[in-house]
Amino acid sequence: MDEFSSRRIKLVFCLSILTTLISTIWFFIARSLELMELSRYIGATVPFFIISALVSKNGNLTLARFIYMIAFNISVAITASFIGKAGSVEFILMFALALPFVAFSYRRERNFIVLFSGFSVLLWFLLYYTDFNLFTHIHMDPELAGKYIYPVSIGTTILLVTYQLIYFSYINAQYYSSIHNQREEAIEESNAKSRFLSMMSHEIRTPLNAITGLSHILGDSNPRQDQVQNIEALNYSGKILLNLLNNVLDFSKMESTTITLDPIPTNIMLAVKQIKKIHEPSCLRKGIALELEIDDDLPVVQLDIVRFNQVINNLVSNAIKFTDEGSVSLKITKLNETADTVLLHTEIKDTGIGIAQDQHEKVWEAFTQASTSTNRLYGGTGLGLPIVKSIVEAMGSQVKIDSEPGVGSSFSFDLELKLASKEALEQATKKKEHDLKGNRILLVEDNQINVMVGRQILEKANLVVEVAYDGQEAVNKVRENDYDAILMDIQMPIMDGYMASMEIRKFNTDTPIMALSASVFMEVKSKIIESGMNGFIFKPFEPEDLLNKIEDAMQTKITVAMDNN
């Protein structure tokens, strides 16, 4: 029964019941006109329509439709033959001709549509060809047929066609109403998922901001030599956790939007050395080697280095995780270079457990690993490779896999990148000298640890820092004091960052407000702008990036003030 839609089952059942009633009426009309033989034929078809209704109700729709179509066509043809041309009963065959197109599936049951539509046409043709002598040579008086039967037959045709139109209008309205409800439910589920991920992003990124911020502060405070390794381990753990969180959020965004790239002038050699620095401790703990084979003459290129590092990090992390002895190697070679572009080949190879040939396609599926035992032994979310695939495809390439159980795995891809000048690279990587001494800044943050971290970073840049622990306190402080910039957390008690910014904008339109957001979703970005804030800084943030954005915001304020004067 599952192979047939409830709509089609209901259609056949209702048609069978309606035709039973119409046939019963025709039976009594034939009796009243003393057409006893015709009434017996019509009476004989009534049980078939009842059987059709019962059989369709029980789920055997194919048999029910066969019984109905044959009984209906024969019944009409017999009635038309007995009454004659004057009664116009044959016009009911128009309904019979069109009916298979709605009773059968055009995609799966096209042969049945042709069969029964052809059957109706054949009976109609035979009626005219035999001058309505197809089943009998005894016809009703033409004058009586025209006076009594003609309006009944035309009315029956109109009734059947009208029923079909009304019925289909009704079920279509139900269908589209159902689609609308499903759409609304899907939107609500999507919004609920976004709210959940946004909340989880905030809850995870807030303490993560403290981890990365404190590791930066400790590393920048002339630590003893025996403390350096612990600080680097703390920083490494924060980056691994951030990468895991980004994978989950990236997968959520990739379901509904395409990946946008932000290429900048990049020295790939320097970027890869950072990757080695991050992953080498894991290799040393496992007793395996991490090998780099990077061409010395790689040019400066335009590349989204954040996304490229995400791909390399995911592939190298996977390789290390599934390799217990031997080595993991990262190889980047130049295949071809023109005046404007360069073609680079990137390969991550390991001597780990490998992947069976029949699992090569499966590893690209989200939340999936090569086997359940792999998941139990090695853990992981199963999101790393799907995200790698999406990013590399956004860069215009394809990831190739070459793997064999017990031998190891190799993941490789080729990227054609635009060349960039060394001057552009220097400009992009040049560390700014910040001139923030004496500027006052209001830090609006309810998390005590983040307040401590933020205050230390800001005060080290010679900023004068005041703190508000909720949105209402921030509004009151801005009303009473002058600040050069405001750093506004989004999720806070009493009054959140959106509401606080809107209240501030009622009496202060000049002071730059930068959102400190732990959410990376577009709807959050939109609300930030709508509430009157000037921009946003994602948690966890790099101190240098935070100071750059504060300085840019202050400079914009100065420029606007000069223009107004």
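All values below come from the heavy atoms of this structure, side chains included, with hydrogens, waters and symmetry mates left out.
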- Task: With sequence neighbours left out, write down each residue that passes ring pair (Phe, Tyr, Trp, His ring centres under 6.0 Å) with Phe125, or none if nothing qualifies.
- Result: Tyr129
- Message: Whether the side chain of Asp350 engages the backbone of Gly352 through a donor-acceptor N/O pair (distance < 3.5 Å, no angle test) should be reported.
- Response: yes
- Is the side chain of Asp304 donor-acceptor paired with the backbone N or O of Leu261 at a distance under 3.5 Å, no angle test? no
- Excluding sequence neighbours, so at least two apart, what forms salt bridge (charged side-chain N to carboxylate O under 4.0 Å, His left out) with Glu404? none
- Message: Taking the side chain as everything from C-beta on, heavy atoms only, tell me whether Ile490 gets closer than 4.5 Å to Ile528.
- Response: yes
- Considering only heavy atoms from C-beta outward, does the side chain of Lys418 approach that of Asp340 to under 4.5 Å? no
- Message: The criterion is side chain to side chain donor-acceptor pair (under 3.5 Å); which residues satisfy it with Asp131, sequence neighbours excluded?
- Response: none
- Please check if the side chain of Asp496 supplies one atom and the backbone of Met492 the other of a donor-acceptor pair under 3.5 Å. no
- Non-neighbouring partners of Ser32 that pass side-chain contact (heavy atoms from CB on, under 4.5 Å), sequence neighbours left out: none
Tell me which donor-acceptor pairs under 3.5 Å the side chains of residues 85-95 have, and how far apart each pair is, sequence neighbours excluded?
unit_1: Glu90; atom_1: OE2; unit_2: Tyr128; atom_2: OH; d: 3.1

- Note on the structure: Those residues at least two apart in sequence (or on a different chain) that pass ring pair (Phe, Tyr, Trp, His ring centres under 6.0 Å) with Tyr150 are none
- Query: Can you tell me if CE on Met499 sees more than 12 non-hydrogen neighbours from other groups inside 6.0 Å?
  - Reply: no
- Message: Could you work out, with side-chain contact (heavy atoms from CB on, under 4.5 Å) as the rule, every residue matching Leu134, not counting sequence neighbours?
- Response: Ser81, Leu123, Leu126, Leu127, Thr130
- Query: So, does Arg65 use its side chain to make a donor-acceptor pair with the main chain of Ala103 at under 3.5 Å?
  - Reply: yes
- Item | Partner set under side chain to side chain donor-acceptor pair (under 3.5 Å) for Thr156, not counting sequence neighbours | Trp26
- Message: Are there over 12 heavy-atom neighbours, none belonging to Glu416, within less than 6.0 Å of that residue's CD?
- Response: no
- Task: Report the residues that fulfil salt bridge (charged side-chain N to carboxylate O under 4.0 Å, His left out) with Lys349, sequence neighbours left out, ordered by chain and then residue number.
- Result: none
- Which value, rounded to the nearest 0.5 Å, describes the distance between Met533 atom CE and Met502 atom CE? 8.0 Å
- Message: Using the side chain to side chain donor-acceptor pair (under 3.5 Å) criterion, which residues pair with Asp470? Sequence neighbours excluded.
- Response: none
- Item | Validation row: Leu99, Leu15 side chains within 4.5 angstrom (heavy atoms) | yes
- Query: Can you find a side-chain donor-acceptor pair between Ser397 and Asp414 that sits under 3.5 Å?
  - Reply: no
- State, yes or no, whether a side-chain contact exists between Leu417 and Gln302 at a heavy-atom distance under 4.5 Å. no
- Message: To the closest 0.5 Å, what do you measure between CG (Asn73) and OG1 (Thr45)?
- Response: 12.0 Å
- Item | Derivation and outcome, side chain to side chain donor-acceptor pair (under 3.5 Å), residues Ser52 and Ser16 | CA-CA 6 Å; Ser52 173; Ser16 300; 2.9 Å; yes
- Could you verify whether a donor N or O on one side chain and an acceptor N or O on the other, from His279 and Asn313, lie under 3.5 Å apart? yes
- Only one of Val311, Ile312, Asn318 clears side-chain contact (heavy atoms from CB on, under 4.5 Å) with Val388; which? Val311
- Task: Mind jotting down which residue pairs meet the ring-ring contact (aromatic ring centres under 6.0 Å, His included) criterion with at least one end in residues 41-60? Sequence neighbours excluded, please.
- Result: Tyr41-Phe82, Phe49-Tyr68
- Please tell me if the side chains of Asp489 and Asn447 come closer than 4.5 Å, counting only heavy atoms from C-beta onward. no
- Message: Under a 4.0 Å threshold between the charged nitrogen and the carboxylate oxygen, would Glu530 count as salt-bridged to Lys527?
- Response: no
- Using side chain to side chain donor-acceptor pair (under 3.5 Å) as the criterion, list what pairs up with Arg110, not counting sequence neighbours. none
- Query: Are Ile391 and Gln310 side-chain neighbours, meaning at least one heavy-atom pair lies under 4.5 Å?
  - Reply: yes
- Query: Between Asn60 (side chain) and Ser56 (backbone), is there a donor-acceptor pair under 3.5 Å?
  - Reply: no
- Query: Under 4.5 Å between any side-chain heavy atoms of Val342 and Leu344, yes or no?
  - Reply: yes
- Backbone N or O of Glu347 within a donor-acceptor pair of the Ser412 side chain at under 3.5 Å? no
- Query: Heavy-atom distance under 4.5 Å between the side chains of Phe104 and Leu61, does that happen here?
  - Reply: no
